[in-house]
Amino acid sequence: PIYPDIESVVPGSVGQTLFDIMCETDLRRQFNLGLKYKNGRGVAQDDAIALSWFRKAADQGNATAQTNLGNMYDTGRGVSQDYAAAVIWYRKAADQGFATAQNNLGNMYKNGSGAPQNYVQALKWYVLSSASGNQQAKVNRDEVVAKMTPTEIAQAQRFASAWVKE
């Protein structure tokens, strides 16, 4: 193949140099390397290295990488647990319409992790995520609705509608 994969690269070879150059510029490859290191597929599992590859892709706007980076901060994998940082990364991906990040951001608001507890904001993100077909967001939506007043529910629905129109 024209593009070597990490499993086929010989350290110190021309292939290694080509691979390194490609990884610095190829957003998809950066994200995929993050996954390989996070899951230990073809490489030794290493959360710190996974975090660095996810960050490279996330900094370039990759919503999936942003969500994975948020998850690593949320769970403390490869980095000190930092709920506020998780909220920042989830929000970046959620603002791009990434349903998993929207659901995760809803969880952060529901639990008051990294952001003040806010059922209205939680419901807004669950509504948006479930509209994209996220089944867990539908479950989470129903759970948080049971804790809210009709006025709060209506407010969250208005916020979700306004977000869609942006």
Side-chain angles (χ1 to χ4, degrees), residues 23 25-42 45 47-166:
C23 288
T25 59
D26 186 338
L27 182 74
R28 183 180 55 84
R29 189 170 297 277
Q30 291 167 354
F31 171 73
N32 287 337
L33 276 169
L35 280 181
K36 285 179 183 266
Y37 279 102
K38 181 180 178 186
N39 299 320
R41 291 206 175 125
Q45 193 279 331
D47 287 336
I49 294 174
L51 184 85
S52 71
W53 284 114
F54 285 145
R55 183 176 301 280
K56 286 177 188 277
D59 284 342
Q60 296 176 68
N62 182 290
T64 310
Q66 290 167 340
T67 302
N68 275 276
L69 194 55
N71 182 263
M72 293 186 86
Y73 278 106
D74 192 359
T75 61
R77 275 188 77 175
V79 66
S80 295
Q81 190 172 46
D82 184 341
Y83 294 132
V87 167
I88 289 167
W89 287 108
Y90 287 150
R91 180 65 189 254
K92 288 175 186 275
D95 282 342
Q96 294 182 62
F98 194 66
T100 300
Q102 291 170 333
N103 180 64
N104 292 353
L105 187 56
N107 289 338
M108 302 304 275
Y109 280 113
K110 180 182 79 175
N111 299 324
S113 300
Q117 187 177 51
N118 186 326
Y119 290 151
V120 171
Q121 284 297 311
L123 181 57
K124 168 190 151 181
W125 290 110
Y126 291 147
V127 165
L128 292 167
S129 181
S130 63
S132 296
N134 186 306
Q135 295 302 309
Q136 186 59 51
K138 292 176 183 179
V139 172
N140 294 338
R141 176 197 62 203
D142 294 345
E143 288 176 2
V144 79
V145 161
K147 300 176 182 182
M148 298 173 69
T149 67
T151 302
E152 290 172 324
I153 294 167
Q155 184 181 23
Q157 291 171 334
R158 281 192 307 275
F159 287 162
S161 293
W163 185 90
V164 170
K165 290 177 184 175
E166 290 178 4

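- In plain terms, the two heavy atoms of Lys138 and Ser130 that are nearest each other are CG-CB, 3.4 Å.
- The nearest pair of heavy atoms linking Met72 to Ala50 is CE-CB, 4.2 Å.
- Here the closest non-hydrogen pair linking Ser129 and Asn134 is OG-CB, 3.1 Å.
- Atom CZ of residue Arg29 and atom NZ of residue Lys36 lie 9.0 Å apart, to the nearest 0.5 angstrom.
- The CD atom of Gln96 sits 8.5 Å away from atom OG1 of Thr64, with the distance rounded to the nearest 0.5 Å.
- The minimum heavy-atom distance between Phe159 and Gln121, with the atom names listed, is CD1-NE2, 3.7 Å.
- Residues passing the side chain to side chain donor-acceptor pair (under 3.5 Å) test with Gln45, sequence neighbours excluded: Asp47.
- Partners of Val127 by side-chain contact (heavy atoms from CB on, under 4.5 Å), not counting sequence neighbours, listed by chain and number: Leu123, Arg141, Ala160.
- Applying the salt bridge (Lys or Arg N to Asp or Glu O under 4.0 Å) definition to pairs two or more places apart or across chains, none involves residues 115-124.
- When all heavy atoms of Ala122 and Val144 are compared, the closest pair comes out as CB-CG2, 4.4 Å.
- For Lys110, the salt bridge (charged side-chain N to carboxylate O under 4.0 Å, His left out) partners are Glu143, not counting sequence neighbours.
- Under 3.5 Å, the side chains of Tyr90 and Asn107 contain no donor-acceptor pair of N or O atoms.
- Listed by first then second residue, pairs satisfying salt bridge (Lys or Arg N to Asp or Glu O under 4.0 Å) with a partner in residues 88-107 read Arg91-Asp95, not counting sequence neighbours.
- Note that CG of Leu69 is 5.5 Å distant from CH2 of Trp89, once rounded to the nearest 0.5 Å.
- The line from OG of Ser113 to CG of Leu105 is 11.0 Å long, rounded to the nearest 0.5 Å.
- Between the OG1 atom of Thr100 and the CD atom of Gln136 there is a distance of 10.5 Å, given to the nearest 0.5 Å.
- The aromatic rings of Phe31 and Phe54 sit tilted relative to each other, their planes meeting at an angle between 30° and 60°.
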Set out, in order, the CA-CA distance, both residues' side-chain angles and the distance that settles side chain to side chain contact (heavy atoms under 4.5 Å, CB included) for Leu35 and Asn68, then state yes or no.
CA-CA 9 Å; Leu35 280 181; Asn68 275 276; 4.3 Å; yes

Please walk me through it: do Lys147 and Glu152 pass side chain to side chain contact (heavy atoms under 4.5 Å, CB included)?
CA-CA 10 Å; Lys147 300 176 182 182; Glu152 290 172 324; over 6 Å; no

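- In this structure, Asn104 has no side chain to side chain donor-acceptor pair (under 3.5 Å) partners at least two apart in sequence or on a different chain.
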Check the pair Asn103, Tyr126 against side chain to side chain contact (heavy atoms under 4.5 Å, CB included), reporting the backbone distance first and the verdict last.
CA-CA 5 Å; Asn103 180 64; Tyr126 291 147; 3.5 Å; yes

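- Applying the salt bridge (charged side-chain N to carboxylate O under 4.0 Å, His left out) criterion to Arg158, with sequence neighbours excluded, gives no partner residue.
- Residues forming a side chain to side chain donor-acceptor pair (under 3.5 Å) with Gln157 (at least two apart in sequence, or on another chain): none.
- Within the structure, salt bridge (Lys or Arg N to Asp or Glu O under 4.0 Å) contacts touching residues 58-70 (residues at least two apart or in different chains) do not occur.
- Under the rule for a side-chain contact (heavy atoms from CB on, under 4.5 Å), the partners of Ala85 that lie at least two apart in sequence or sit in another chain are Tyr73, Asp82.
- A search for side chain to side chain donor-acceptor pair (under 3.5 Å) contacts involving Asn32 returns nothing, not counting sequence neighbours.
- When every heavy atom of Met108 is checked against every heavy atom of Val87, the shortest pair comes out as CB-CG2, 3.8 Å.
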Where do Asp74 and Tyr83 land on the side chain to side chain contact (heavy atoms under 4.5 Å, CB included) test, with the steps shown first?
CA-CA 5 Å; Asp74 192 359; Tyr83 294 132; 3.4 Å; yes

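- In terms of the side-chain contact (heavy atoms from CB on, under 4.5 Å) criterion, residue partners of Thr151 (sequence neighbours excluded) are, by chain and number, Thr149.
- Of the possible polar contacts, one joining the Gln66 side chain to the Ala58 backbone as a donor-acceptor pair under 3.5 Å is found.
- Considering only heavy atoms from C-beta on, Met148 comes within 4.5 Å of Val120 through its side chain.
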